[in-house]
Amino acid sequence: MPTPDTTLWEVFIRSRNGLAHKHVGSLHAADATMALQAARDVYTRRGEGLSVWVVPSNAITASDPADKGMMFEPAESKIYRHPTFYDVPDDVGHM
Amino acid sequence: MYTQALNITDKIRTAEDPADLARFQSRIDADDRIEPNDWMPAAYRRTLTRQISQHAHSEIVGQLPEGAWLTRAPSLRRKAALLAKVQDECGHGLYLYAAAETLGTSREALVDALLEGKAKYSSIFNYPTLTWADIGAVGWLVDGAAIMNQIPLCRCSYGPYARAMIRVCKEESFHQRQGYEIMLTLCAGTLEQKAMAQDALDRWWWPCLMMFGPPDGESQHSDQSTLWKIKRFSNDELRQKFVDATIPQAQKLGLTIPDPALVQDADGHWRYGAIDWEEFRQILAGNGPCNRERLATRRRSHEDGAWVREAAAAFAAKRAARQQAA
């Protein structure tokens, strides 16, 4: 008999205060409590973190990489959002 | 701990749009990383699923030869270190399964393939650990060979695999150092202890050279993996690097490499004797000293854990039902 599936979770770790939680990988666990314990054992054996988030993978809505052209095009065409777009004389100094 | 060059690139080509294939290859050529939801050729997906899951199985089965010595470690320090190492191997297996799953095969299907004997794992773990010195030799040589192989995989074209390998490599150097320290201690001990270290080297040397897979002339399937930047060095290149790095370490220990043909050439490379590839083929065919025992142990462990998985699932279902009712 095939082994029944267990829920997949994504794991995020804050390595130190002042930094955001960062995705480190995923794991399987039956519930959130067990997912947190497993995340501690699998991803923080050498003091990698101060805080762990676990999120059911199916709760994440992701953009489709195939749509990235359309998705991010508005940012591509707006070069005036960057400071280098503006000409300021050198003698004004650092701005 | 290790992936072996057993991976056979699929010859079957499904009908794929040549424009998609060309775009994919140009991304690879530009050293762009491929991420799970990106378009990829079916053969790339299958090759990586097989390679990463074999690698994961190797980490998991790799716990067994060392686990056998946990209760017999000669001191509390050695025992704590070995326990931490075995836990790391388990962790490495889990990082790798997670990476393999991103290609669309479930964890359970991957594990079942191992338990049913359909999936391979590294040949090296089908050898027994007969003495405490073997624990030193495994850390020094097996992990040393694994590191040679794994460092280039940190730059593999598939993002999740490369990221898992970075974590693995960071942890792996402790493994090799703890093994070498065991060898150093034995070699500085009594004559019997030094003889035990030599015996372990004698038994592990050739199987470690086989870990890099068949010689380049015989493994035609590396070409596609090289083109896809899954593989960055050939089997023979990695094997040579390992030999060159290891011989001075053996000399430092005062041990003799069990290869009468070994000579250093003018460029400083060590030329080694002929490898017994028939032994390698026999191990891959399931006829090594421990093949049956390793698989039987994994199956027993999986079956013994079934009630835990069922209980956890039942508890989670009960809690979810209560939350819904409230």
Side-chain angles (χ1 to χ4, degrees), chain A residues 1-16 19-49 52-73 76, chain B residues 20 23 27 32-40 83-85 87-102 106-116 159-160 163-164 166-168 170-171 174 302-303 305-306 308-320 323:
Chain A
M1 195 189 76
T3 308
D5 287 5
T6 306
T7 309
L8 184 65
W9 302 76
E10 299 303 321
V11 182
F12 300 81
I13 292 177
R14 185 201 295 286
S15 54
R16 56 189 169 83
L19 294 181
H21 285 74
K22 191 176 162 217
H23 184 245
V24 292
S26 51
L27 53 80
H28 289 266
D31 61 30
T33 310
M34 292 184 79
L36 267 184
Q37 287 170 356
R40 191 267 318 265
D41 292 343
V42 178
Y43 291 104
T44 67
R45 287 193 304 285
R46 287 176 176 76
E48 289 89 339
V52 181
W53 289 349
V54 289
V55 180
S57 303
N58 61 14
I60 294 176
T61 306
S63 66
D64 185 344
D67 293 342
K68 69 174 188 285
M70 181 179 70
M71 184 89 172
F72 302 109
E73 185 282 328
E76 296 283 310
Chain B
D20 283 341
R23 203 160 31 237
R27 286 187 62 190
D32 194 3
R33 291 293 165 85
I34 307 303
E35 293 295 340
N37 295 327
D38 293 345
W39 187 88
M40 61 185 86
L83 188 58
K85 179 180 189 301
Q87 285 175 325
D88 273 355
E89 305 303 356
C90 182
H92 297 175
L94 297 178
Y95 307 153
L96 286 159
Y97 279 129
E101 283 173 88
T102 62
S106 76
R107 168 81 55 96
E108 291 77 8
L110 297 172
V111 170
D112 287 347
L114 172 69
L115 299 178
E116 287 161 17
R163 291 192 286 274
I166 290 169
R167 293 187 67 89
V168 168
K170 271 188 196 164
E171 299 179 356
F174 134 60
H302 190 72
E303 284 160 18
V308 180
R309 292 189 295 275
E310 283 163 24
F315 183 68
K318 186 178 81 178
R319 288 255 297 244
Q323 254 174 358

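Hydrogens, waters and symmetry mates play no part in the numbers below; they use all other heavy atoms, side chains included. Letters A, B, ... mirror the listed sequences (proteins, then strands); counts begin at 1.
Each of K170(B), E101(B), E171(B), E310(B) has some count of heavy-atom pairs under 4.5 Å with chain A, and the biggest count is that of E171(B). Listed options E48(A), M34(A), H28(A) were ranked by heavy-atom pairs under 4.5 angstrom with chain B; first place goes to H28(A). Of the listed residues (D88(B), L115(B), V111(B)), the greatest number of heavy-atom pairs within a distance under 4.5 Å of chain A belongs to D88(B). For the set R167(B), R309(B), E35(B), R163(B), the count of heavy-atom pairs under 4.5 angstrom toward chain A peaks at R167(B).
Of the atoms belonging to F315(B), it is side-chain heavy atoms, and not backbone ones, that fall under 4.5 Å from chain A. Of the atoms belonging to T33(A), it is side-chain heavy atoms, and not backbone ones, that fall under 4.5 Å from chain B.
A donor-acceptor pair under 3.5 Å is formed between the side chain of W9(A) and the backbone N or O of A29(A). With hydrogens and angles disregarded, a donor-acceptor distance shorter than 3.5 Å links the side chain of E108(B) to the backbone of T6(A). Of the possible donor and acceptor atoms, none in the side chain of D41(A) sits under 3.5 Å from a partner among the backbone N and O of A38(A).
Using a 4.0 Å cut-off between a side-chain N of Lys or Arg and a carboxylate O of Asp or Glu, R33(B) and D38(B) do not qualify as a salt bridge. Taking a cutoff of 4.0 Å between a charged side-chain nitrogen and a carboxylate oxygen, K68(A) and E73(A) do not qualify as a salt bridge.
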